Structures are given as C-alpha cells and as structure tokens.
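Presented below is the structure to which this report refers.
The structure presented is a predicted model; accordingly, all values stated were derived computationally and were not measured. Counting begins at 1 with the first residue of the sequence.
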Amino acid sequence: VQLQASGGGLVQAGGSLTLSCAASGRTSNNYVMAWFRQAPGKEREFVARIDWNSDNIYYLDSMKGRFTISRENAKNTVTLQMNSLKPEDTAVYYCAADKNYAGLRSLYTYWGQGTQVTVSS
C-alpha cells in the first residue's frame, strides 16, 4: 500500500485546512487509516483514526470537536478536516494504514510522506 498525503499549507489561527491521503497498491479498503503529526523537536503524535467501514473513529482529546476524519473507500481516500486551527497544530502531518493495528502508537505498517501544516498566530 502506498500513501500520498496532500493539502497542507500556511493558514492563520482560527482557519481551516483539509488534508487528503490517497492510497494505492493493494486495496486499502479494509485497512485502518490514521493521521499522525510531528512538530519540530517533538515525537510523532497520534491525531485520529478510522476503521475500514467508518464505524469506529477515535480522536486525541485535543482534536475532538475541531478535527474530523472521514474516508471514501470507493476513491481510496481518507480526509482530515481541520477547523479552528491553533499555532500549536503546526506540524508535519502523516497518514498511516494497517490491516490489524488500530492503536495510538506509531506502529502502523504503511506511511505517507507527510504534508506540512503551519498555523500562524
């Protein structure tokens, strides 16, 4: 499975961005998909994950109410809608996939290359 993340950019605090992750290769429709982020000098941090049929969605507490993860299996895409962005949301955002693992650690098998999100104050 190959993952390609896109949609990052520069936005002012309070603004919104939509990140997309396109999957290719082996069908990823039955994979758990997740978003992580890594700020400079910090460890990679879990953001959200969604299971294959969108029945089980989980967010890190600090993202609840601001971020929304969704997927469209017919298009092999996962989207992260980010609203009310804060300067502390500045990071490189990565999408990840795994057939079995659905936890909060960076143990997913497949990773995208990352897309930079910068939120100015």
Side-chain angles (χ1 to χ4, degrees):
V1 176
Q2 291 80 45
L3 303 175
Q4 180 76 33
S6 62
L10 174 64
V11 65
Q12 289 188 335
S16 299
L17 276 177
T18 302
L19 305 184
S20 293
C21 178
S24 60
R26 291 186 177 187
T27 177
S28 62
N29 288 346
N30 59 343
Y31 282 54
V32 176
M33 303 294 294
W35 286 95
F36 284 75
R37 68 185 185 184
Q38 188 165 19
K42 294 188 177 181
E43 293 186 356
R44 191 167 295 188
E45 175 184 47
F46 172 88
V47 174
R49 65 115 166 88
I50 185 168
D51 70 348
W52 71 274
N53 63 357
S54 304
D55 278 351
N56 194 340
I57 294 174
Y58 186 82
Y59 300 93
L60 198 65
D61 283 348
S62 59
M63 286 71 167
K64 288 180 181 177
R66 299 191 301 123
F67 291 7
T68 302
I69 189 172
S70 61
R71 69 189 295 167
E72 192 168 355
N73 288 339
K75 296 184 178 180
N76 289 325
T77 59
V78 175
T79 298
L80 184 68
Q81 174 66 43
M82 306 186 295
N83 299 323
S84 302
L85 283 163
K86 307 173 183 179
E88 51 264 43
D89 293 318
T90 295
V92 177
Y93 283 70
Y94 298 90
C95 59
D98 199 283
K99 195 167 186 179
N100 298 304
Y101 184 73
L104 311 187
R105 300 174 65 188
S106 300
L107 299 177
Y108 289 73
T109 301
Y110 305 100
W111 290 84
Q113 84 291 359
T115 184
Q116 176 71 46
V117 171
T118 303
V119 184
S120 63
S121 57

Problem - Sequence neighbours excluded - salt bridge (charged side-chain N to carboxylate O under 4.0 Å, His left out) pairs with any residue from residues 92-109 - result: none
Exercise for the section: With sequence neighbours excluded, tell me which residues meet ring-ring contact (aromatic ring centres under 6.0 Å, His included) with Tyr93. Expected result: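 Expected list: none.
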Exercise for the section: Please name all residues satisfying ring-ring contact (aromatic ring centres under 6.0 Å, His included) with Tyr94, sequence neighbours left out, ordered by chain then number. Expected result: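 In terms of ring-ring contact (aromatic ring centres under 6.0 Å, His included), with neighbours along the sequence ignored, Tyr94 is linked to no residue.
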Practice task
For residues Tyr110 and Tyr31, determine if any side-chain heavy atom of one lies less than 4.5 Å from a side-chain heavy atom of the other.
Solution key: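 A side-chain contact under 4.5 Å exists here.
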Problem - Test item: Val117 and Leu19 side chains (from C-beta on) under 4.5 Å apart, heavy atoms - result: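 The answer is yes, as the side chains (C-beta and beyond) meet within the 4.5 Å cut-off.
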Check: residues 54-63 side-chain donor-acceptor pairs under 3.5 Å, at least two apart:
unit_1 : atom_1 : unit_2 : atom_2 : d
Asp55  : OD2    : Asn53  : ND2    : 2.9
Asn56  : OD1    : Arg49  : NH1    : 3.2
Tyr59  : OH     : Ile69  : N      : 2.9
Asp61  : OD1    : Lys64  : NZ     : 3.1

Handout entry: Where at least one partner belongs to residues 39-90, residue pairs that pass disulfide bond (SG atoms under 2.5 Å apart), sequence neighbours excluded
Key =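 The answer is none; no pair qualifies.
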Handout entry: Sequence neighbours excluded - disulfide bond (SG atoms under 2.5 Å apart) pairs with any residue from residues 42-121
Key =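 Of all non-adjacent pairs touching residues 42-121, those that pass disulfide bond (SG atoms under 2.5 Å apart) are Cys21-Cys95.
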Exercise for the section: Keeping to residues at least two apart or across chains, list the side chain to side chain donor-acceptor pair (under 3.5 Å) pairs with something in residues 112-121. Expected result: Gln116-Thr118
How far apart are the closest heavy atoms of [X] and [Y], and which atoms are they?
{"X": "Trp111", "Y": "Tyr108", "answer": "NE1-O, 2.8 Å"}
{"X": "Ala23", "Y": "Leu3", "answer": "CB-CD2, 3.7 Å"}
{"X": "Ser106", "Y": "Phe36", "answer": "OG-CE2, 3.8 Å"}

Exercise for the section: May I have the step-by-step check of side-chain contact (heavy atoms from CB on, under 4.5 Å) for Val32 and Tyr101, ending in yes or no? Expected result: CA-CA 7 Å; Val32 176; Tyr101 184 73; over 6 Å; no
Considering only distance and modelled atom types, tabulate donor-acceptor pairs under 3.5 Å from the side chains of residues 80-91, sequence neighbours left out.
unit_1 : atom_1 : unit_2 : atom_2 : d
Gln81  : OE1    : Thr18  : OG1    : 2.4
Gln81  : NE2    : Asn83  : OD1    : 2.8
Asn83  : OD1    : Ser16  : OG     : 2.9
Asp89  : OD1    : Arg37  : NH1    : 2.8
Asp89  : OD1    : Arg66  : NH2    : 3.0
Asp89  : OD2    : Arg66  : NH1    : 2.7
Asp89  : OD2    : Arg66  : NH2    : 3.4
Asp89  : OD2    : Lys86  : N      : 2.8
Thr90  : OG1    : Pro87  : O      : 2.9
Thr90  : OG1    : Val119 : N      : 2.9
Thr90  : OG1    : Val119 : O      : 3.4

Problem - Spatial distance of atom CE (Met33) from atom CG (Asn73) [nearest 0.5 Å] - result: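 Answer rounded to 0.5 Å: 9.0 Å.
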Handout entry: Sequence-distant partners of Ser6, side chain to side chain contact (heavy atoms under 4.5 Å, CB included), two or more places apart
Key =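 For Ser6 the side chain to side chain contact (heavy atoms under 4.5 Å, CB included) partners, ignoring immediate neighbours, are Ser20.
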Problem - Lys42 backbone acceptor or donor facing Gln38 side chain under 3.5 Å - result: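 Judged by distance alone, yes, a pair lies under 3.5 Å.
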Handout entry: Partners meeting side chain to side chain donor-acceptor pair (under 3.5 Å) with Gln4 (sequence neighbours left out)
Key =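 Checked Gln4 against side chain to side chain donor-acceptor pair (under 3.5 Å); zero matches.
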